[in-house]
Amino acid sequence: MNTTLFPEIVLNWIDGAEKGASDGALFNNLSPATGKLLCQGVGSKQTDVEKAVASAQKAYSAWSGMTPVQRGDILMAIARHMRANAETIAAIVAAETGMAPAAALGETGGAIAQAEFMAGEGRRLYGRTTTSAVPNKYAMTVRHPLGVAGLIIAANTPIANVAWKVFPALICGNTAVLKAAEDTPATAWYFGKLAHEAGLPPGVLNIVQGLGEDAGAPLVAHPDVAVISFTGSTAVGRQIAETAGRRLAKVSLELGGKNPLVVCDDADLDNAVKWVLLSAFSNAGQRCAAGSRIIIFDAIYDEFREMLITQTEKLKVGPTDMDDLGPVINETQLNNMVASIDQARAEGANVLIGGGRMTDPEHADGFYMAPTIIENADPGTGISTQEVFGPITCLYRAKDFDAALSMANDSPYGLTACIHSRNVHRVMEFTQKVQAGVAVVNAGTYGSEPHMPFGGVKQSGNGSREPGTEALDIYSNLKDIYICVEPDLI
Ligand code: NAD
């Protein structure tokens with residue numbers, strides 16, 4: 001067990017204090033890099049969730065009654081405290097995910113940038129003033145918080161996922177209950193510790209550890225939770241939308257992707273190879289924005305495939321800064337990936353490189369998936385249509401631009417997309433016509449910057465956008481105010 005960065009038993013934060021589960025339940029959190037036990041998390045159930053929601057309700061009046069500038073000052077203090085402790089945050093992220101320390105520090109920097117951006121919104125939080133059709137009538141909108149926000153996150157980028165939800169929810173004046181991802185409980189726990197040390201009043205942010213069905217589902221169903229913001233799989237997102245929809249709670253869903261990257265015959269092929277590798281394999285492919293469908297013009301397909309295989313062979317897999325990608329988050333996910341590839345093989349696809357768990361002595365104990373490239377997969381089969389969320393990508397041939405665009409759009413998902421071309425006409429047409437929330441030219445299937453809205457179309461979400469100022473629309477209600485002036489009374 002790792003006892004220097006976090007406790008052996010990672011507790012909940014409720015009303016500013018650490019609490020165990022009412023029934024004493026615990027779950028194991030294993031290191032993806034070694035397969036060994038890192039810590040245990042509290043197995044919260046409905047009773048614990050109810051306590052967390054009650055704590056958030058109790059804190060709501062005082063927190064929502066502060067000015068946004070005052071709230072922003074506290075959130076900025078948390079951001080500064082995160083910066084002062086960035087190395088520790090990154091060490092915990094690296095321990096829980098197996099990602100390289102430098103990558104974990106980069107993610108931590110992104111989380112802090114998000115915190116700073118949202119803290120600054122305390123001095124903006126704009127409504128608008130506008131005209132009225134009626135003389136002597138003045139029209140404006142102001143923002144009001146919703147109440148208690150229920151925040152549920154995935155483990156893939158654990159501190160960024162916390163920051164993307166907590167800071168916009170709190171700056172708007174909501175109090176919150178965060179259901180941490182069960183694979184990264186210590187990251188969320190440590191964030192709670194830093195937030196309270198920096199001056200966040202008790203109860204404003206409550207953090208419950210636990211499994212999805214046990215701790216996430218009761219949060220979604222709780223009648224006093226006004227908004228649910230969820231980052232995770234499309235299957236769970238659909239369940240959440242159904243449950244929350246029955247009680248008409250507001251819902252924001254940031255879901256999966258099957259993101260296309262098109263390489264045209266006029267592309268800079270070296271640059272395209274570099275970005276395909278990053279898009280497909282960085283963070284071991286555990287990015288909603290991962291490039292999992294590489295659509296290559298026929299004219300350069302063979303040349304590009306060879307370049308890609310050559311560079312993929314050079315990738316180093318492991319948990320250090322010398323490695324290109326680390327393990328995947330847990331053994332169940334790893335087994336699902338292997339099963340998807342086996343199914344693809346059975347359906348006629350060829351595995352060009354990789355294709356299974358890494359079982360050599362250096363990798364055998366951890367949850368390491370070999371970077372995998374597949375070709376000849378039927379576009380209608382599972383490997384082409386379903387998110388695998390690992391270092392696995394498929395190559396497809398396109399005869400021309402129209403075919404490539406049509407293949408890019410032939411997906412139930414629509415999160416990110418990318419094109420490599422030097423032709424302004426192609427890139428303009430692609431960025432306009434591709435069905436995605438993010439379209440990129442000559443780089444990777446990457447989003448997002450703290451001040452830019454991120455989210456997808458089709459089954460990648462329900463239309464909401466995080467982060468950017470657009471995230472404020474999730475966590476606030478608009479109120480129209482009309483002020484009518486009586487000229488006779490002036
Ligand atoms: P998941 O849906 O299995 O779990 C995500 C979270 O939901 C976890 O905290 C889990 O405990 C909780 N959960 C599970 N079942 C629940 C239920 N019935 N009710 C309430 N909560 C429940 O997803 P995962 O496999 O952990 O994460 C990977 C997924 O997240 C991928 O699909 C990926 O694309 C997606 N993701 C999306 C974005 C985005 O911004 N669009 C970002 C990161 C990850």
Side-chain angles (χ1 to χ4, degrees), residues 27 29 32 41 43-46 49 96-97 107 110 114 150-165 177-185 187-188 207-222 225 228-244 249 251-259 283-292 328-330 332-334 336-337 386-390 412-416 436-438 445-448 452-468 470-471 474:
F27 63 89
N29 179 28
S44 307
K45 306 274 164 38
Q46 176 150 354
V49 171
E96 292 203 296
T97 61
E107 184 199 320
Q114 178 61 230
L151 313 175
I152 302 177
I153 53 174
N156 60 330
T157 48
I159 191 64
N161 291 358
V162 168
W164 274 35
K165 301 233 181 276
V177 176
L178 171 74
K179 208 298 273 174
E182 53 268 50
D183 288 307
T184 52
T187 303
I207 300 176
V208 290
Q209 310 288 354
L211 307 183
E213 287 289 341
D214 295 345
L219 186 59
V220 175
H222 200 299
V225 174
I228 300 290
S229 178
F230 172 75
T231 293
S233 62
T234 295
V236 173
R238 193 174 277 120
Q239 281 178 40
I240 287 176
E242 282 173 14
T243 306
V251 182
S252 168
L253 302 174
E254 297 293 345
L255 308 176
K258 195 78 192 171
N259 308 288
N283 204 19
Q286 298 166 115
R287 300 187 309 114
C288 51
S292 47
V328 300
I329 196 73
N330 61 44
T332 306
Q333 296 276 24
L334 177 60
N336 289 342
M337 291 168 204
Q386 291 159 16
E387 187 185 41
V388 188
F389 216 57
Y413 294 103
L415 194 52
T416 68
V438 178
T445 51
Y446 274 63
S448 146
M452 291 287 282
F454 179 80
V457 300
K458 299 196 272 187
Q459 292 183 20
S460 292
N462 67 340
S464 60
R465 292 291 181 265
E466 304 176 16
E470 288 76 2
I474 298 168

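All ligand and atom numbering here is 1-based and tracks the order in the structure.
Here the CD-CG distance, from Glu387 to Leu415, works out to 8.5 Å after rounding to the nearest 0.5 Å.
By the side chain to side chain donor-acceptor pair (under 3.5 Å) test, Asn283 is found to be paired with no residue, residues two or more places apart in sequence or in another chain being considered.
In this structure, the side chains of Asn156 and Phe389 come closer than 4.5 Å at one or more pairs of heavy atoms. The shortest side-chain heavy-atom distance between Glu466 and Gln114 does not fall under the 4.5 Å cut-off.
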>> The test is side-chain hydrogen bond (donor to acceptor under 3.5 Å, both in side chains); show your working for Gln286 and Thr97 and say whether it passes.
In response: CA-CA 10 Å; Gln286 298 166 115; Thr97 61; over 6 Å; no
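Protein residues lining ligand 1, listed by chain and number: Ile152, Ile153, Ala154, Asn156, Lys179, Ala180, Ala181, Glu182, Gly212, Glu213, Gly216, Ala217, Phe230, Thr231, Gly232, Ser233, Val236, Gln239, Ile240, Glu254, Leu255, Gly256, Cys288, Gln333, Glu387, Phe389, Leu415, Phe454 [non-hydrogen atoms, distance under 4.0 Å].
Of all heavy-atom pairs between Glu254 and Ser464, the closest is OE2-O, 3.4 Å.
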